[in-house]
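Take a look at the structure below.
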Amino acid sequence: MPSMDPAGSKDSNGGPKADFFARKQRIAQQRKSLPIASVEKRLMDEVRSHDILIIVGETGSGKTTQLPQYLFNAGFCRDGKIIGITQPRRVAAVSVAKRVAEECGVEMGQRVGYSIRFDDMTSSSTRIKYMTDGLLLREALLDKYLSKYSVIIVDEAHERTVDTDVLLGILKSVQKARSGPINQLPNIDHTKAKNGVVIDKENDSQRAGSLNRYQGLKLSPLKLIIMSASLDARGFFEYFGGARAVHVQGRQFPVDIFYTKAPETDYLDATLITIFQIHLEEGAGDVLVFLTGQEEIESVERLVLEKLKQLPEEKRKLKVLPIYSSLPSEKQMQVFMPAPIGFRKVILATNIAETSVTIPGIKYVIDPGLVKARTYSAHTGMESLVVVPTSKAQALQRSGRAGREGPGKCFRLYPEREFEKLSDSTVPEIKRCNLSKVVLQLKALGVDDIIGFDFMEKPLREAVIKSLELLALLGALTEESRLSKPVGHQMARLPLDPTHAKALILASQFNCLEEMLITVAMLSVESIFYVPREKLEEVAVDNLFQMHVACVLAAVRFYIKCARTAAKCFSSLEGDHVTLINVYRASDDLFEKSKIGNNREKAEKDMRKWCKENFINSRSVRQARDIHRQATSSFLGLKPKYDWQIRENVEQMGLHVASCGDDMLQFRRCLAAAFFLNAALKQPDGTYRVLSSGQSVQIHPSSVLFRTKPDCLIFDELVRTNHNYIRNVSRVDYLWLPELAPQYYTLKE
DNA sequence: GAGCACTGC
């Protein structure tokens, strides 16, 4: 294998030469010992002779880091072409790119780079580019042939995220288009290609321009490589018409699986018992427990700590650590730290530990066999979170977590016959989510017939129809169900929920686009207000030894009151949307002021402190600021290369960025105009009825209007948990609806 | 008077 050169001559400033070569040698050795290294030649032969290749590789095969390097060395980047590798997650794209840059001995962003939302580390010399699959989809909007790529590798395809599924369909048709002469394509205007893709040269002047550029040219064919874990390779094989498949060995230690004899009536109790059985009877090694959510994790944590107290001193060396996505990152990091000497770690995790994070030192896995999953009812248009049994694939993924570093054990808290009854793989996300975003995106990519589109697995027909109806009502589609001009095209350009995109477009006419930009950014992130539970417990524990129980309760109540008072500083009687704007502006003021005379880190620190004092989730506010600015880090002084910055986009569209100042009436009227499908009227019993669907709903208790209960309101989302709750609501005037959405509401006398 | 699996542009 030809070796890759280190970046420039680093010896003058990169430390002693000997170190450098020792490290280089070590990396070369590691690379050679990976299972995939033995099939390099065969893989390259397969890629040369076939346009589609499926690689089935288990964990530890080295496919993600090695394959792009093999392709580069085999000459697939000649003529400045790029090898693109997609990942479902941002962190994976970044960390793998870093690893590969190191292996190649190049600086990040040179030959090897990555590109994710808000962070683009690529340059004109980048040839191996890691990115999220969603980002490649956005690129396809700008260049429908993805002409700068010679090879596209879709990694972790078995996870079947919505973006992966859409991408597979698009890549299939891009490949078909690139294998024929380009100059023919514009002539087949309005005729349907096999995949339901219509090349519409009038669609977009920019795209027509790019087509003209290609006229008479023949693009090089696109090589497609799909990489998947072993279990569900058959689906890919069938979807790609019996494409070549290569199996690459993984490097995984054996894991013994144990089942219970009978079904457990109380799986949390069974979990607790199993934790202590392992702790008291098994050899050294940490334990990973899969639970369904934050609440369950917190209660198991409490139970373990209680039970631990009953053990003799020398047997109490157990450290319990929770991990779930909404846990602050400092707390998440604790699971990666080694336990104190002589201690065993028990990690209580959601399915974040299935794929997103890999925790070292795990030897035992406890799997009650349940997962909280999102479901979508096309009939009601409602999403809900329900606890369901895992699939076999998920159970395997979970048990595999015990065999990363050595042989392990997995305790499934259900009988073996129950395992046999589980479905083979998890239902792909595209079959259980709201499709309005996907449909808008496909329309923008030139896919006219959504139902006829060649999905690997078709979404439910009713769900597609529901989305088409919604988009039509928002004015994004014409009567022929094509993207409307300009609204549909404008909406598709914005990386937002269709309703939020529409709200921005309308806000330009209502002179409140400044406010709406902040609002959609805040609505796009997790809950802003956050009462850290451990704070409550701190109060309780601190006082437990000094005070009467009643005093403890009083202290807790006082604490909750503080949180509420803090929230009140920002709360507005107009509703949650204005409240969110108030929070954003207050945090932004603080951040900007703190930045003057301070470095960025100090400003970030001040910000976190301020958030904590005000019971605000600092990560959410930060995310909202990123979305609002949609700031892409400019690498090497280059300008951001993508044109989907929200603010820049709305300006380019000719929308008028103005503030309504204190005139929140205008702002609320704009909300009514955009969210008219989400309007609800108060019923005599204090609940609400959604005007468009007739559903009975309640205001979520986190809303500032929970007590006020105005007669008429609009809401951002409707989620079913214990009740049908509407979240993020604002007061509107009933009469605005027929005035601002006459296409939908007519005044009945 | 509740609760939020996990991603992504």
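To find a chain, count down the sequence lines: A is the first, B the second, and so on, and within it residues start at 1.
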Do A/Thr375 and A/Ser384 pass the side-chain hydrogen bond (donor to acceptor under 3.5 Å, both in side chains) test, and can you show the C-alpha distance, the side-chain angles, and the key distance before you say yes or no? CA-CA 5 Å; A/Thr375 56; A/Ser384 47; 3.1 Å; yes
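- Residues satisfying the side chain to side chain contact (heavy atoms under 4.5 Å, CB included) test with A/Pro322, not counting sequence neighbours, are A/Ile297, A/Glu301, A/Tyr324.
- For the side chain to side chain contact (heavy atoms under 4.5 Å, CB included) test, residues two or more places apart in sequence or in another chain that qualify with A/Glu717 are A/Val719, A/Arg727.
- Here the side chain of A/His700 is nearest to one of B/dG1, B/dA2, B/dC9, namely B/dA2.
- Considering only the side chain of A/Pro701, B/dA2 comes nearest among B/dG8, B/dA5, B/dA2.
- One interatomic measurement links the two molecules: CD of A/Gln87 to C1' of B/dC9, which rounds to 16 Å at whole-angstrom precision.
- Look at CG on A/Leu705: it is 17 Å from P on B/dG1, rounded to the nearest Å.
- Nearer to the 5' terminus of DNA chain B, by closest-nucleotide assignment, is the contact made by A/Arg727 (compared with the other of A/Pro88 and A/Arg727).
- Phosphate contact (OP1/OP2 of B/dG3, side-chain N/O of A/Ser702, threshold under 4.0 Å): absent.
- Taking only side-chain atoms of A/Ile116, from C-beta outward, the nucleotide of B/dG3, B/dC9, B/dA5 with the closest atom is B/dC9.
- Counting non-hydrogen atoms under 4.0 angstrom, A/Leu385 reaches a base of the nucleic acid.
- In this structure, the CD1 atom of A/Ile297 is 13 Å from the P atom of B/dC4, given to the nearest Å.
- Rounded to an integer number of Å, the gap from A/Glu139 CD to B/dG8 C1' is 15 Å.
- A/Asp424 places no side-chain N or O within donor-acceptor distance of the main-chain N or O of A/Ser391, the cut-off being under 3.5 Å.
- Here the nucleotide nearest the side chain of A/Asn351, chosen from B/dC9, B/dG3, B/dC6, is B/dC6.
- Residue contacts shown for A/Arg374 include a base, since a base heavy atom lies under 4.0 Å away.
- A/Ser325 comes within contact range of the sugar-phosphate backbone alone, with a heavy-atom separation under 4.0 Å but no base atom that close.
- Projected onto DNA chain B by closest heavy-atom contact, A/Val719 and A/Phe706 fall at different nucleotides, the more 5' of which corresponds to A/Phe706.
- Residue A/Arg89 places its side chain closer to B/dT7 than to any other of B/dT7, B/dC9, B/dA5.
- The distance from atom CZ of A/Arg720 to atom P of B/dG3 is 11 Å, rounded to the nearest whole Å.
- With rounding to whole Å, A/Tyr114 atom OH is found 16 Å from B/dG8 atom C1'.
- Rounded to whole Å, atom C1' of B/dC9 lies 14 Å from atom CG of A/Asp120.
- Distances from the side chain of A/Arg138 to the nucleotides B/dC9, B/dC4, B/dA5 place B/dC9 closest.
- Side-chain nitrogen and oxygen atoms of A/Thr350 include at least one within less than 4.0 Å of the OP1 or OP2 phosphate oxygen of B/dC6.
- Atoms CD1 (A/Ile352) and P (B/dC4) sit 16 Å apart, rounded to a whole Å.
- Side-chain contact check for A/Tyr414 versus A/Leu422: some heavy-atom pair is nearer than 4.5 Å.
- Taking every side-chain heavy atom of A/Lys437 into account, B/dC9 is the closest of B/dA2, B/dC4, B/dC9.
- Aromatic ring pairs are classed by plane angle as parallel below 30°, tilted from 30° to 60° and perpendicular above 60°; the pair A/His700 and A/Tyr725 is perpendicular.
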